[in-house]
Amino acid sequence: MYLSSLSSVVRRSCATLPRGTRPPQLSTPSTLFSPTTTIYQRHGSNQQTRNSSHSPMGAPPANPRKKVTIGTLRAMHRRGEPITMITAHDFPSAYVSDAAGMDMVLVGDSLAMVALGMEDTSEVLLEEMLLHCRSVARATKAAFTIGDLPMGSYEIAPEQALETAIRFVKEGRMQGIKLEGGKEMAPTIAKITRAGIPVLGHVGLTPQRQNALGGFRVQGKTSDGAMKVLEDALAIQEAGCFAMVLEAVPAEVASIITEKLSVPTIGIGAGNGCSGQVLVQVDMTGNFPPGRFLPKFVKKYGDVWSESLRAIETYRDEVKSRQYPAPEHTYPIPKDELEAFAETAKDV
């Protein structure tokens, strides 16, 4: 109704156009009324498509990477090429990880602390993990994505674990899952892998069980302790894990375990003899205030906190002093239209 009325208005208006003038083209309903009408902005030689004023997508990469698959990871392992993995908890952190060329992106339950401000990983709920997984999945086009099963979502029985894993794939849009535990979790891992869902194991220090371990303590520091880690690693390999995280294990022990396995090991605090490495992105980018405790194994590659603080403080100061927004940050209006509006506004 509204569109047909608008069409007649346009036709009447066209009757008054000078000869040879091209009449305006009427937009289709989807583009006329959609709040996400496409806007193009030119940045150098690239053209960026924005679907709204807050669209997170930038220009597509000039040379997009091939999708990393289980086959890709196995080929890397055979070649002896280290596998890179990093955590991400939302669209921006996943987007930059993928753009940086990470082989694997883990939606780790560490997001409980670094993204949600919780005391430890045991607090995060399944529904919260799935929400973060979906956000990461939207941004990750090339890296292989893994979702971390939270405490309480898989330990009761293998059937419970399989149900949770299926939700991570169907609802979280992950390509595989990670769970903690050694020999005792082998039946659970076998149940999930038989259903066709890749499982990344996790042995050594298992943070979800920190209370049973006496805190965040290095594992495998004795001969018996190291043998237990090896036995756990062999058991979950046999159960079907395509790879496993080795956390907080002496480097020499981790190297021996890696040599004994036929699947990749991803180290975190386990030395450079592992098949790959993983770090928590917030830790390694320095996106935290001064004085925060960092584990010994973390290398700080950036200082995102200081740069963000500087930028926000500068913004605050410029708003207070009315330096921002400057003329280049505002939209123009024709002078005659402004004068007409100002005159009309006098009577309001």
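Since we're looking at a predicted model, the values are computed, not measured.
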In the structure I gave you, are the side-chain heavy atoms of [X] and [Y] within less than 4.5 Å of one another anywhere?
X	Y	result
Glu238	Leu234	no
Ile197	Phe168	no
His132	Val124	no

Atom pair [atom1] ([X]) and [atom2] ([Y]), whose distance is rounded to the nearest 0.5 Å:
X	Y	atom1	atom2	answer
Glu313	Ser308	CD	OG	11.0 Å
Leu294	Met284	CG	CE	12.0 Å
Phe242	Ile146	CZ	CD1	4.0 Å

Without placing hydrogens or testing angles, list every side-chain donor-acceptor pair under 3.5 Å for residues 332-344, not counting sequence neighbours.
residue: Glu343; atom: OE1; partner: Lys346; partner atom: NZ; Å: 3.2
residue: Thr344; atom: OG1; partner: Ala340; partner atom: O; Å: 2.9

Should the heavy atoms of other residues, nucleotides or ligands under 6.0 Å from [atom1] of [X] be counted, would the total exceed 12?
X	atom1	value
Lys67	NZ	yes
Lys300	NZ	yes
Arg173	CZ	no
Asn272	CG	no

Might you work through the side chain to side chain contact (heavy atoms under 4.5 Å, CB included) test for Val96 and Thr285, ending with a clear yes or no?
CA-CA 11 Å; Val96 71; Thr285 58; over 6 Å; no
Any salt bridge (charged side-chain N to carboxylate O under 4.0 Å, His left out) involving residues 269-286? Give me the pairs, sequence neighbours left out, ordered by first then second residue.
Asp283-Arg292
Is the shortest side-chain N to carboxylate O distance from Glu231 to Lys228 below 4.0 Å?
no
Are Glu163 and Lys191 ion-paired here, with the side-chain N under 4.0 Å from a carboxylate O?
no
Please tabulate, for the side chains in residues 106-114, all donor-acceptor contacts under 3.5 angstrom to protein atoms that are two or more places apart in sequence or on a different chain.
residue: Asp109; atom: OD2; partner: Gln208; partner atom: NE2; Å: 2.7

Side chain of Gln219, backbone of Val229: donor and acceptor closer than 3.5 Å?
no
Look only at the side chain of Glu180 and the backbone of Asp148, and say whether a donor-acceptor pair between them is shorter than 3.5 Å.
no
For a quick test of reading the model, state the closest non-hydrogen atom pair linking Ile236 to Gly182 and the distance between them.
CG2-O, 3.5 Å
